[in-house]
K.L.:
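Sharing a structure with you now.
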Amino acid sequence: MDWKFLQGLLSGVNKYSTAFGRIWLSVVFVFRVMVFVVAAERVWSDDQGQFDCNTRQPGCTNLCYDYFFPISHIRLWALQLIFVTCPSFMVVLHVAYREERERKYQAKHGENSRLYDNTGQKHGGLWWTYLISLFIKTTFEILFLYFLHYIYDSFKLPRKVQCDISPCPNLVDCYIARPTEKTVFTYFMVGASVVCVVLNVCEIFYLIASRVVNLKHQGSTHTSSRRIHPGMNCGGCKSSLTS
């Protein structure tokens with residue numbers, strides 16, 4: 001998979017993100033994508049080839065491997081990275097939609113007219129799009145962590161597993177290649193995923209708190225602008241309210 005292409009697409013999200021979003025993007029590429037590409041893929045590259053069982057029964061080793069590893073850690077992490085980064089494109093697409101509307105508006109009313117003060121500013125629908133993308137990313141992160149723990153019953157890989165699936169002649173001992181190294185990488189990837197979840201939750205609270213503060217500020221400004229001075233006559237009241 002071409003991770004550089006994904007990085008190039010997500011780099012456009014960076015300029016529309018908050019501080020928490022920029023940290024999240026750095027964690028994803030430095031501690032997840034780079035570790036995945038540089039080291040993790042090599043650790044699991046010989047996973048099935050060095051899965052050794054103490055039997056020569058044809059098909060037994062393959063079936064035991066498929067039973068204990070129904071989906072590879074590498075493929076699961078690749079799917080996780082794709083699913084948790086794709087919601088960010090919702091923001092890019094929404095900004096592109098705003099820019100297109102701005103272009104059509106200026107073509108109709110003149111170049112000096114503006115429909116948006118800033119097409120990338122998180123107000124109105126873009127604020128909701130950004131918030132929904134955060135909820136989707138957080139949900140995917142938690143679901144993949146649950147699936148990983150559910151499929152393997154733990155984040156720690158055992159040194160030996162026992163299998164009695166047909167056509168194995170009896171209870172067969174099977175040995176996983178480099179279980180300690182794989183356990184270390186598993187805990188590292190899980191820890192990076194948990195950090196991303198925390199950053200997403202912090203960004204959600206930050207966005208909501210900022211929105212509440214802005215709404216209160218706008219409400220107080222609107223109220224003060226409509227407040228009438230006690231000495232103002234009725235004609236002054238009308239001119240004040242319609243200005």
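Note that the structure is predicted; figures quoted are calculated from it, not measured.
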K.L.:
Can you measure from CE (Met90) to CG (Leu134) and round to the nearest 0.5 angstrom?
P.N.:
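One gets 10.0 Å once the value is rounded to the nearest 0.5 Å.
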K.L.:
Is there a donor-acceptor pair under 3.5 Å between the side chain of His109 and the backbone N or O of Tyr105?
P.N.:
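Answer holds: yes.
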K.L.:
Tell me whether the count of non-hydrogen atoms from other residues, nucleotides or ligands lying under 6.0 Å of CZ in Phe83 goes above 12.
P.N.:
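It does not: Phe83 CZ has 12 such atoms or fewer within range.
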K.L.:
Under 3.5 Å, side chain of Thr85 to main-chain N/O of Ile82, donor-acceptor pair present?
P.N.:
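Yes; judged by distance alone, with no hydrogens or angles, the pair exists.
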K.L.:
Leu215 and Arg211: side-chain contact (heavy atoms from CB on, under 4.5 Å), yes or no, with the steps?
P.N.:
CA-CA 6 Å; Leu215 289 176; Arg211 184 65 176 268; 4.2 Å; yes
K.L.:
Apply side-chain contact (heavy atoms from CB on, under 4.5 Å) to Leu126 and Val95, showing your working.
P.N.:
CA-CA 7 Å; Leu126 185 59; Val95 173; 4.0 Å; yes
K.L.:
With rounding to the nearest 0.5 angstrom, report the CZ to OG distance, Phe144 to Ser193.
P.N.:
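Interatomic distance, Phe144 CZ to Ser193 OG, rounded to 0.5 Å: 10.0 Å.
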K.L.:
Could you tell me whether a side-chain N or O of Asp66 sits under 3.5 Å from a main-chain N or O of Asn62, the two making a donor and an acceptor?
P.N.:
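It does not hold such a pair.
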K.L.:
Is it true that atom CZ of Phe155 has more than 12 heavy atoms of other residues, nucleotides or ligands lying nearer than 6.0 Å?
P.N.:
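More than 12 heavy atoms, drawn from other residues, nucleotides or ligands, come within 6.0 Å of this atom.
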K.L.:
Is it the case that one hydrophobic cluster holds both Phe140 and Leu145, taking links as side-chain heavy atoms less than 4.5 Å apart, direct or via other members?
P.N.:
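Shared cluster, yes.
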K.L.:
If every non-hydrogen atom of Thr183 is compared with every non-hydrogen atom of Leu157, which pair is closest and at what distance?
P.N.:
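Shortest heavy-atom separation between Thr183 and Leu157 comes out as OG1-N, 3.1 Å.
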K.L.:
Do side-chain atoms of Lys156 reach the backbone of Val184 as a donor and acceptor pair under 3.5 angstrom?
P.N.:
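No.
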K.L.:
What distance separates Glu141 CD from Leu199 CG, expressed to the nearest 0.5 Å?
P.N.:
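Glu141 atom CD to Leu199 atom CG measures 10.0 Å (nearest 0.5 Å).
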K.L.:
Do Leu25 and Ser17 have side chains that get closer than 4.5 Å, going by heavy atoms?
P.N.:
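Not touching, per the 4.5 Å side-chain cut-off.
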K.L.:
Using the ring of each side chain (for Trp, its six-membered ring), is Trp44 parallel, tilted or perpendicular to Trp77, with breaks at 30° and 60°?
P.N.:
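It falls in the perpendicular class, over 60°.
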K.L.:
Salt bridge between Lys108 and Glu102, side-chain N to carboxylate O under 4.0 Å?
P.N.:
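No salt bridge links Lys108 with Glu102.
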K.L.:
Taking all atoms of both residues into account, what is the closest heavy-atom pair of Arg32 and Cys196, and its distance?
P.N.:
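In this case the closest contact between Arg32 and Cys196 is NH1-SG, 3.3 Å.
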K.L.:
Taking all non-hydrogen atoms of both residues, which atom of Ile176 and which atom of Pro158 are closest, and how far apart?
P.N.:
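Looks like CD1-O, 3.3 Å.
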K.L.:
Can Val28 be reached from Tyr187 by stepping across I, L, V, M, F, W or Y side chains whose heavy atoms are under 4.5 Å apart?
P.N.:
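Shared cluster, yes.
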K.L.:
Under a 4.5 Å cut-off applied to non-hydrogen side-chain atoms, are Phe51 and Cys174 in contact?
P.N.:
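The answer is yes; the side chains approach within 4.5 Å.
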K.L.:
Parallel, tilted or perpendicular: which describes the rings of Tyr146 and Tyr150, with under 30° parallel and over 60° perpendicular?
P.N.:
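Geometry flag for Tyr150 against Tyr146: parallel rings.
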K.L.:
For Leu207 versus Tyr130, what's the shortest heavy-atom pair and its separation?
P.N.:
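Nearest heavy atoms, Leu207 then Tyr130: CD1-CD2, 3.3 Å.
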K.L.:
Rounded to the nearest 0.5 Å, what's the gap from CD1 on Ile151 to OG on Ser72? Could you check?
P.N.:
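Result: 10.5 Å between the selected atoms.
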K.L.:
When clusters are formed by joining ILVMFWY residues with side-chain heavy atoms under 4.5 Å apart, either directly or through shared neighbours, do Leu79 and Ile136 land in the same one?
P.N.:
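Yes.
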K.L.:
Would you say Thr139's side chain and Phe135's backbone share a donor-acceptor pair under 3.5 angstrom?
P.N.:
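Yes.
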K.L.:
Taking the side chain as C-beta and beyond, is there a heavy-atom pair between Val197 and Val195 under 4.5 Å?
P.N.:
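Val197 does not reach Val195 side chain to side chain.
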K.L.:
Would you compute the distance between atom CG of Leu76 and atom CE of Met189 and round it to the nearest 0.5 angstrom?
P.N.:
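Answer for the CG-CE pair, Leu76 versus Met189, is 10.0 Å.
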K.L.:
Considering all heavy atoms of both residues, which atom of Arg178 and which atom of Val43 are nearest to each other, and what is their separation?
P.N.:
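Of all heavy-atom pairs spanning Arg178 and Val43, the closest is NH2-O, 2.9 Å.
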K.L.:
Hey, any chance Phe29 and Val37 share a hydrophobic cluster, counting ILVMFWY side chains that come within less than 4.5 Å of each other, even indirectly?
P.N.:
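Yes, because Phe29 and Val37 connect within a single hydrophobic cluster, where side-chain heavy atoms sit under 4.5 Å apart.
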K.L.:
I'd like to check the side-chain contact (heavy atoms from CB on, under 4.5 Å) partners of Asp173; sequence neighbours left out, ordered by chain and number.
P.N.:
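Counting only residues at least two positions away or on another chain, Asp173 forms a side-chain contact (heavy atoms from CB on, under 4.5 Å) with Asn54, Lys160, Gln162, Tyr175.
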K.L.:
Looking at CG of Leu148 and CG of Asp153, how far apart are the two atoms once the value is rounded to the nearest 0.5 Å?
P.N.:
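CG of Asp153 is found 11.0 Å from CG of Leu148.
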K.L.:
Would you list the pairs meeting disulfide (SG to SG under 2.5 Å) in which at least one residue belongs to residues 117-166, sequence neighbours left out?
P.N.:
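Those involving residues 117-166 are Cys64-Cys163.
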K.L.:
So, Tyr152 versus Phe69, ring centres under 6.0 angstrom or not?
P.N.:
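Yes, the ring of Tyr152 comes within the 6.0 Å limit of the ring of Phe69, centre to centre.
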K.L.:
Trp24 versus Ser88: any side-chain heavy-atom pair under 4.5 Å?
P.N.:
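Yes, close enough: below the 4.5 Å cut-off.
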K.L.:
Checking salt bridge (charged side-chain N to carboxylate O under 4.0 Å, His left out) for the pair Glu181/Arg159: CA distance, chi angles, key distance, verdict?
P.N.:
CA-CA 11 Å; Glu181 186 177 11; Arg159 296 178 180 275; over 6 Å; no
K.L.:
Minimum heavy-atom separation for Ala40 to Ile74, with atom names?
P.N.:
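Closest pair (atom of Ala40, atom of Ile74, distance): O-CD1, 3.4 Å.
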K.L.:
Apply disulfide bond (SG atoms under 2.5 Å apart) to Cys168 and list each qualifying residue two or more places apart in sequence or on a separate chain.
P.N.:
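By the disulfide bond (SG atoms under 2.5 Å apart) rule, Cys168 matches Cys60.
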K.L.:
Can you confirm whether or not the ring centre of Phe185 sits under 6.0 Å from the ring centre of His73?
P.N.:
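Between His73 and Phe185, which both carry aromatic rings, the centre distance is not below 6.0 Å.
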K.L.:
Applying a strict under-4.5 Å side-chain criterion to I, L, V, M, F, W and Y, I'd like to know whether Ile142 and Leu131 cluster together.
P.N.:
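They do not share one cluster, since no chain of ILVMFWY contacts under 4.5 Å joins Ile142 to Leu131.
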